[in-house]
Amino acid sequence: MKVLQLITLSLFFLAYGCSSEIIDPSDRGNEDPVTEIKAVDFENPSPGQETMFLRYESTCDSLNESFHYTKDTLRLAVIEEDGILYFEESLTAGSPMFIDSILREPIKQRLVDEEGRILIPERLESPLFYFYGNDTLHLQADKKMPLYRVGCRFFNFQGPFIGNDIGAIDHLSFGDIEFDEKTVVSCVPSFFEIDAYLIYSENELFMSHTVVWGSGVQGWTKLEQD
């Protein structure tokens with residue numbers, strides 16, 4: 001069942017990406033303003049925190065040249081119900097995917113806050129975390145293998161970066177995305193052809209990056225909050 005859900009969600013994003021509108025990066029975002037709300041803090045999650053993410057697309061063959069934003073904006077929020085914390089993901093009303101009646105309902109996944117890590121046991125419907133085979137996100141890993149990017153994928157000294165290992169990248173840049181000194185984890189490989197990564201720090205998620213069918217690139221990148 002988990003594999004089937006992974007395939008379904010991956011195919012959904014790929015199929016939608018093939019017909020989505022290309023937006024000039026200088027015109028990204030939508031009518032929903034980003035107010036002075038504290039960003040989601042992995043080390044100290046609390047209700048009311050929110051982080052906004054922009055959806056991007058590209059291809060492995062021309063990562064920079066084909067890079068564009070779709071103007072879909074995703075809100076990741078921490079909420080509390082009956083004393084239990086949840087991540088809630090929802091599209092803003094101006095997002096093309098929302099307008100097209102895709103992902104109209106907020107998606108919730110239970111969040112367990114533990115010292116030095118967070119657990120997300122119910123993440124298979126999450127646009128940000130659906131591919132992550134491990135339910136634990138380590139925030140302060142003692143050992144991180146050095147990584148580098150080749151095209152749309154990440155590599156270490158042994159080859160492609162896959163599995164449950166934790167890596168670190170000094171600098172990441174493509175399109176107009178640019179981050180320094182971030183932690184990277186990858187999805188556990190399966191028979192379905194997908195490479196996927198979470199790029200984060202001890203406190204925040206910065207990117208959810210996927211490569212489907214060997215060449216289709218799509219993901220979400222954190223929108224800086226003023």
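Numbers for residues simply follow the sequence, beginning at 1.
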**Asked** Does F155 have R149 sitting over its ring (NZ/CZ under 6.0 Å from centre, angle to axis within 45°)?
**Response** no
Tell me if a side-chain donor or acceptor on [X] pairs with a main-chain N or O of [Y] at a distance below 3.5 Å.
| X | Y | result |
| --- | --- | --- |
| S201 | E204 | yes |
| R123 | G133 | yes |
| S95 | L91 | no |
| N64 | G175 | yes |
| T51 | V40 | yes |
| E89 | S126 | no |
| D82 | I84 | no |
| H138 | T136 | no |

**Request:** Determine, step by step, whether F206 and I177 satisfy the side-chain contact (heavy atoms from CB on, under 4.5 Å) criterion, reporting the C-alpha distance in whole Å, the side-chain angles of both residues, the deciding distance to 0.1 Å, and the verdict.
**Result:** CA-CA 10 Å; F206 285 83; I177 296 171; over 6 Å; no
**Asked** Hey, mind stepping through Y148 and D170 against side-chain hydrogen bond (donor to acceptor under 3.5 Å, both in side chains) and telling me if it holds?
**Response** CA-CA 8 Å; Y148 57 94; D170 292 334; over 6 Å; no
**Request:** Identify whether the distance between the nearest side-chain nitrogen and carboxylate oxygen of R55 and E57 falls below 4.0 Å.
**Result:**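 Between E57 and R55 there is a salt bridge, with a charged N closer than 4.0 Å to a carboxylate O.
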**Message:** Please determine whether a side-chain nitrogen of the Lys or Arg among K108 and E88 lies less than 4.0 Å from a carboxylate oxygen of the Asp or Glu.
**Reply:** no
Heavy-atom pair of closest approach, residues [X] and [Y]:
| X | Y | value |
| --- | --- | --- |
| P127 | S208 | O-OG, 4.2 Å |
| L74 | W220 | CB-CZ3, 3.5 Å |
| E80 | P47 | OE1-CG, 3.4 Å |

**Message:** Heavy-atom count check: over 12 atoms from other residues, nucleotides or ligands less than 6.0 Å from E105 CD?
**Reply:** no
**Request:** Please identify each residue that fulfils ring pair (Phe, Tyr, Trp, His ring centres under 6.0 Å) with Y86, with sequence neighbours left out.
**Result:**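 Checked Y86 against ring pair (Phe, Tyr, Trp, His ring centres under 6.0 Å); zero matches.
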**Request:** Give me the ring orientation class for H209 and F154: parallel if the planes are under 30° apart, tilted from 30 to 60°, perpendicular past 60°.
**Result:** perpendicular
**Item:** Validation row, ring centre Y56 to ring centre F67 under 6.0 Å
**Value:** yes
**Item:** CG-CE distance between L103 and M97, expressed to the nearest 0.5 angstrom
**Value:**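 Interatomic distance, L103 CG to M97 CE, rounded to 0.5 Å: 4.5 Å.
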**Asked** What's the spacing between I199 CD1 and L172 CG if we round to 0.5 Å?
**Response** 6.0 Å
**Prompt:** Are the side chains of L76 and F87 in touch, meaning some heavy atoms are under 4.5 Å apart?
**Reply:** yes
**Message:** Could you tell me if the side chain of M207 sits less than 4.5 Å from the side chain of L198, heavy atoms only?
**Reply:** no
**Request:** Say whether T59 and D61, considering side chains only, have a donor N or O and an acceptor N or O under 3.5 Å apart.
**Result:** no
**Item:** Q109 and E125 side chains, donor-acceptor separation under 3.5 Å
**Value:** no
**Request:** Check the pair Q49 / S46 against side-chain hydrogen bond (donor to acceptor under 3.5 Å, both in side chains), numbers first and verdict last.
**Result:** CA-CA 6 Å; Q49 295 174 349; S46 61; 3.1 Å; yes
**Item:** Member of T183, I169, D165 meeting the side-chain contact (heavy atoms from CB on, under 4.5 Å) criterion with K144
**Value:** T183
